[in-house]
2 protein chains.
Amino acid sequence: MLTADGITAEAVRLLEERGQDGLTMAALARRLGVAPSALYNHVATKQDVLRAVQDDVNRGIDCDGFEELAWDAALARWALSYRDAYARHPALVPIMAVTPVGSSPHTVAMYERVSAGLLAGGWPAHLVTNVVVAVESFVLGSALDTQAPADIFDPGELDAPTVRTANAARPGGDTARAAFDLGLEALLTGLRTLLVQKG
Amino acid sequence: MLTADGITAEAVRLLEERGQDGLTMAALARRLGVAPSALYNHVATKQDVLRAVQDDVNRGIDCDGFEELAWDAALARWALSYRDAYARHPALVPIMAVTPVGSSPHTVAMYERVSAGLLAGGWPAHLVTNVVVAVESFVLGSALDTQAPADIFDPGELDAPTVRTANAARPGGDTARAAFDLGLEALLTGLRTLLVQKG
DNA sequence: ACCTGAACACCGTTCAAGT
DNA sequence: ACCTGAACACCGTTCAAGT
């Protein structure tokens with residue numbers, strides 16, 4: 001029997017298998033053996049489905065560090081897991097950045113653990129949300145960056161000697177990961193310094 | 001007479017006035033006094049138009065700091081201008097993160113100036129692109145965050161005491177800007193430290 | 001070479017009609 | 001209460017026909 005949860009579960013599978021463009025209401029209905037219009041007895045809109053899918057993705061993000069480690073080590077572990085989750089679902093990035101958390105239980109649970117870890121780590125309450133948002137912005141931007149083609153910075157016919165030099169000097173392998181690691185290290189180093197100054 | 005540049009210019013205006021959803025090929029054609037199919041004599045696809053629009057947006061980003069200031073101050077100025085530009089055009093964020101720069105002259109010119117500034121500031125060539133990508137990821141994520149509603153972290157009916165505490169303690173005003181400023185300060189502080197270690 | 005107008009293969013969503 | 005089937009108002013894009 002058709003339920004909102006059943007629709008969400010099938011939507012997650014569909015998104016995983018067919019990607020962003022494959023997730024249409026028609027495709028979702030066909031998979032569930034039902035007419036497209038039948039879905040609207042259980043969800044109000046496609047945005048509804050996407051919000052539920054997003055909460056499911058957030059359920060898989062690793063927040064365990066905040067009960068075991070120092071705040072900065074926990075933040076690093078969370079950020080990496082968070083980035084990887086959204087690198088698998090880049091279409092959800094603009095949604096995540098903008099959707100209120102009020103009806104997403106797993107998402108709220110995640111923020112609760114992160115906030116508690118920062119507070120316990122010595123961050124003043126008035127800065128906790130800013131730290132979370134700052135790290136999250138870096139994470140979501142980095143998740144989008146994983147989708148970039150390897151030659152994204154190739155200037156082609158255009159004149160850009162320094163860009164060319166920097167490209168040539170950059171080591172191969174997982175370049176998106178290297179940029180993420182450098183940025184995360186800088187961000188955490190900076191946050192440690194700021195905490196000493198402001199805490 | 002209809003040209004690719006004319007189409008781009010009108011697309012920029014349309015995006016500014018009507019937003020992401022207002023930029024359709026039909027609306028673009030109507031503004032230009034032409035049938036939708038006529039556009040395809042000058043552009044191959046809508047993605048084509050978006051790429052050109054994006055290059056135009058990048059033309060407006062302030063890179064002047066890199067010829068005047070220390071690398072970190074210049075990077076801060078660039079990042080702020082970059083964030084503001086994409087906060088005005090959030091629909092372009094996923095495109096910017098993923099589009100090769102090869103046929104976007106203003107975009108390449110921007111990267112050239114940024115890379116040259118970092119190199120002159122003492123960054124080793126093999127790290128320059130990673131620094132650029134790391135800052136850019138933070139900037140684009142922050143641009144998306146400017147679109148979030150003010151109550152995005154309100155847990156509603158859900159149980160999340162620490163989230164509530166952190167929300168209540170957070171000062172009002174431009175919260176997205178406060179998070180951006182904190183993150184940028186942390187990122188730059190960290191990058192300065194890393195440069196001393198690795199430079 | 002460049003435009004029009006009709007058409008195609010889609011979208012998300014609504015709604016009367018059935019059970 | 002929940003489904004079907006037809007319909008609506010769109011999309012981006014193609015293509016034969018005109019000039």
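The chains referred to below are lettered A, B, ... by the order of the sequence lines, with proteins before strands, and numbering in each begins at 1. The shown structure was predicted, so the numbers you read here are calculated from the model rather than taken from an experiment.
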Strand partner of C/dT13, provided both Watson-Crick or wobble distances fall under 3.5 Å: D/dA7
Length of the CE-C1' vector between B/Met1 and C/dC2, whole Å: 7 Å
Base partner of D/dG18, which must satisfy Watson-Crick or wobble distances under 3.5 Å: C/dC2
Salt bridge (charged side-chain N to carboxylate O under 4.0 Å, His left out) partners of A/Asp151, counting only residues at least two apart: none
Donor-acceptor contact below 3.5 Å, side chain A/Thr146 vs main chain A/Ala143: yes
Whole angstrom value for the distance that separates C1' of D/dG12 from CG of B/Asp21: 15 Å
B/His42 side chain near C/dC3 phosphate (N/O to OP1/OP2, under 4.0 Å): yes
Lys/Arg N to Asp/Glu carboxylate O, B/Arg77 vs B/Glu68, below 4.0 Å: yes
Length of the CG-P vector between B/Leu39 and D/dT14, whole Å: 12 Å
From CG (A/Leu14) to CD1 (A/Ile7), nearest 0.5 Å: 12.5 Å
Spacing of A/Leu28 atom CG relative to C/dC11 atom P, expressed in whole Å: 12 Å
Distance in angstrom units between B/Asn41 CG and D/dG12 P, rounded: 17 Å
Sugar-phosphate, base or nothing in reach of B/Ser37, heavy atoms under 4.0 Å: base
Selected nucleotide, minimal atom distance to A/Pro36 side chain, candidates D/dT4, C/dT13, D/dC11: C/dT13
Separation of atom CG in A/Leu23 from atom P in C/dC10, rounded to whole Å: 17 Å
Separation of atom CE in B/Met25 from atom C1' in D/dC11, rounded to whole Å: 11 Å
Listed nucleotide nearest any side-chain atom of A/Lys46, set C/dG12, D/dT13, D/dC2: C/dG12
Nearest to side-chain heavy atoms of B/Tyr40, which nucleotide of D/dC3, C/dG12, D/dT13: D/dT13
From C/dT13, D/dC11, C/dC3, nucleotide with atom closest to B/Val34 side chain: C/dC3
From D/dT13, C/dC2, D/dT4, nucleotide with atom closest to B/Thr45 side chain: D/dT13
Among D/dC3, C/dC11, D/dC11, the nucleotide that comes nearest once only the side chain of A/Ala26 is considered: C/dC11
Backbone of B/Leu32 reached by a side-chain donor or acceptor of B/Glu10 within 3.5 Å: no
Protein-nucleotide distance (B/Gln47, atom CD; D/dC11, atom P), rounded to Å: 17 Å
